[in-house]
Amino acid sequence: MKLGDCVTLIRGTTYKSSLLSESDGPVLLGLGSIERHGGFKKGAWKHYPGSSSPDIILHPGDLYVSLKDLTQACDLLGAVARVPKYLTEGRLTQDTVKLHFQNNASEQVRQYVYWSLRSPQYRAYCKARGTGTTNMSLSRKDFLDWEIPTKTKGRDTLVQLLELIELKLALNSRLNDHLAA
């Protein structure tokens, strides 16, 4: 099954930098909030209290992807992030797209897609399809053409283990933040 068989893409938009805030409105989620090779990047976020289409508002568990990279290394090209539970609301920026799952996909399907987009095979796929000289881009078509690996019992078990590891890392990070405070 291709990724495009289960998701559609909603592109982020530009924003007015004069409206940026330290605490009011949804957190801006763009290239700076995605780790190289995928994952959510914790940091000092800017908020945007200006008007935003409901389509580009993200909530905990939502997935979004970078279709751009500002380097030739392509480490950010196609990188996926998942909005963490502690972030109540985010706003998608340009150069990123939200994955809108069709047919009310289950949490297990969302997790399976997320971890397939974190795999080395997917990273190689994106790098091979990147276009550009200075700024690299991944076309929507190429992104949606990614063949999601067939689900097997072993892969489902791996996804469950990865989810548990990510949860443990998040808990440790929160504990460290509390201890530091």
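Note that the structure is a prediction, hence the values are computed from the model and not measured. Position 1 is the first residue of the sequence; numbering continues from there.
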Q | Test log, rule side chain to side chain contact (heavy atoms under 4.5 Å, CB included), inputs Ser52 and Ile57 | A | CA-CA 7 Å; Ser52 299; Ile57 298 298; 3.9 Å; yes

Q. Between His100 and Val7, is a side chain to side chain contact (heavy atoms under 4.5 Å, CB included) present by the stated rule, with each step listed?
A. CA-CA 5 Å; His100 176 73; Val7 301; over 6 Å; no

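Without hydrogens or angle criteria, Ser173 side chain to Ala170 main chain gives no donor-acceptor distance under 3.5 Å. For Asp5 (side chain) and Lys2 (main-chain N/O), a donor-acceptor pair under 3.5 Å exists by modelled atom type. A donor-acceptor pair under 3.5 Å is absent between the side-chain atoms of Arg129 and the main chain of Ser139, judged by distance alone.
Within the structure, the side chain to side chain donor-acceptor pair (under 3.5 Å) test picks out the following pairs touching residues 16-26 (sequence neighbours left out): Glu22-Lys46. Listed by first and then second residue, the salt bridge (charged side-chain N to carboxylate O under 4.0 Å, His left out) pairs that reach into residues 32-41 are Arg36-Asp69, sequence neighbours excluded. Residue pairs meeting the ring-ring contact (aromatic ring centres under 6.0 Å, His included) criterion with at least one partner in residues 141-178, sequence neighbours excluded, are Tyr122-Trp146, Tyr125-Trp146. Here salt bridge (charged side-chain N to carboxylate O under 4.0 Å, His left out) pairs that include residues 168-181, with residues two or more places apart or in two chains, are Lys42-Asp177.
With values rounded to the nearest 0.5 angstrom, Leu3 atom CG is found 10.0 Å from Thr8 atom OG1. The line from OG1 of Thr71 to CG of Asn135 is 9.0 Å long, rounded to the nearest 0.5 Å. Atom CH2 of Trp115 and atom CD of Gln111 lie 9.5 Å apart (nearest 0.5 Å). Separating the CG atom in Asp142 from the OG atom in Ser137 is a distance of 11.0 Å, to the nearest 0.5 Å. Atom NZ of residue Lys98 and atom CZ of residue Arg91 lie 12.5 Å apart, to the nearest 0.5 angstrom. Taking OG1 of Thr131 as the reference point, atom CG of Leu77 lies at 8.0 Å (rounded to 0.5 Å).
The environment of NZ in Lys85 is sparse: at most 12 heavy-atom neighbours from other residues, nucleotides or ligands sit within 6.0 Å. Within 6.0 Å of the CG atom in Asn103, the count of heavy atoms belonging to other residues, nucleotides or ligands does not exceed 12.
Using a 4.5 Å cut-off on side-chain heavy atoms (C-beta onward), Asp95 and Ser66 make no contact. Contact annotation: the side chain of Thr13 never approaches that of Ser53 to less than 4.5 Å [non-hydrogen atoms, C-beta and beyond]. Counting heavy atoms from C-beta outward, Met136 and Lys68 have side chains that stay 4.5 Å or more apart. No side-chain heavy atom of Thr96 sits less than 4.5 Å from a side-chain heavy atom of Ser33. Taking 4.5 Å as the limit, some side-chain heavy atom of Arg118 sits within range of a side-chain heavy atom of Val80.
The two residues Gly90 and Pro26 have their closest heavy-atom pair at C-CB, 3.8 Å. Contact record, Ala79 with Gly38: CB-N, 3.6 Å, taken as the closest heavy-atom pair. In plain terms, the two heavy atoms of Cys6 and Val113 that are nearest each other are SG-CG2, 4.2 Å.
Both Leu99 and Leu162 are members of a single hydrophobic cluster when ILVMFWY side chains are connected at heavy-atom separations under 4.5 Å. Under the 4.5 Å side-chain heavy-atom criterion for ILVMFWY residues, a single connected hydrophobic cluster contains both Leu63 and Met1.
Listed by chain and number, the residues in a side chain to side chain contact (heavy atoms under 4.5 Å, CB included) with Ala105 are Phe101, Val109 (sequence neighbours excluded). Here Gln160 pairs with nothing under the side chain to side chain contact (heavy atoms under 4.5 Å, CB included) rule; sequence neighbours left out. Every residue two or more places apart in sequence or in another chain that forms a side chain to side chain contact (heavy atoms under 4.5 Å, CB included) with Arg140 is listed here: Leu9, Arg11, Leu67, Val97. Partners of Arg82 by salt bridge (charged side-chain N to carboxylate O under 4.0 Å, His left out), not counting sequence neighbours, listed by chain and number: Glu163, Glu166.
Applying the under-4.5 Å side-chain rule to Ile, Leu, Val, Met, Phe, Trp and Tyr, the cluster around Leu169 extends to Ile165. Within the hydrophobic cluster formed by Ile, Leu, Val, Met, Phe, Trp and Tyr side chains joined at under 4.5 Å, directly or through other members, Leu19 is accompanied by Tyr15, Leu20, Leu28, Tyr48. Other members of the cluster containing Leu87 are Ile10, Val27, Leu29, Leu31, Ile34, Phe40, Trp45, Ile56, Leu58, Tyr64, Leu76, Val83, Tyr86, Leu92, with ILVMFWY side chains joined at under 4.5 Å, either directly or via other members.
Tyr114 and Arg110 form no side-chain donor-acceptor contact under 3.5 Å, judged by distance and modelled atom types alone.
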Taking distance alone, no hydrogens or angles, what donor-acceptor pairs closer than 3.5 Å link side-chain atoms of residues 152-159 to residues at least two apart or in another chain?
unit_1 : atom_1 : unit_2 : atom_2 : d
Thr152 : OG1    : Arg155 : N      : 3.0
Arg155 : NH1    : Thr150 : O      : 2.6
Thr157 : OG1    : Lys153 : O      : 3.0

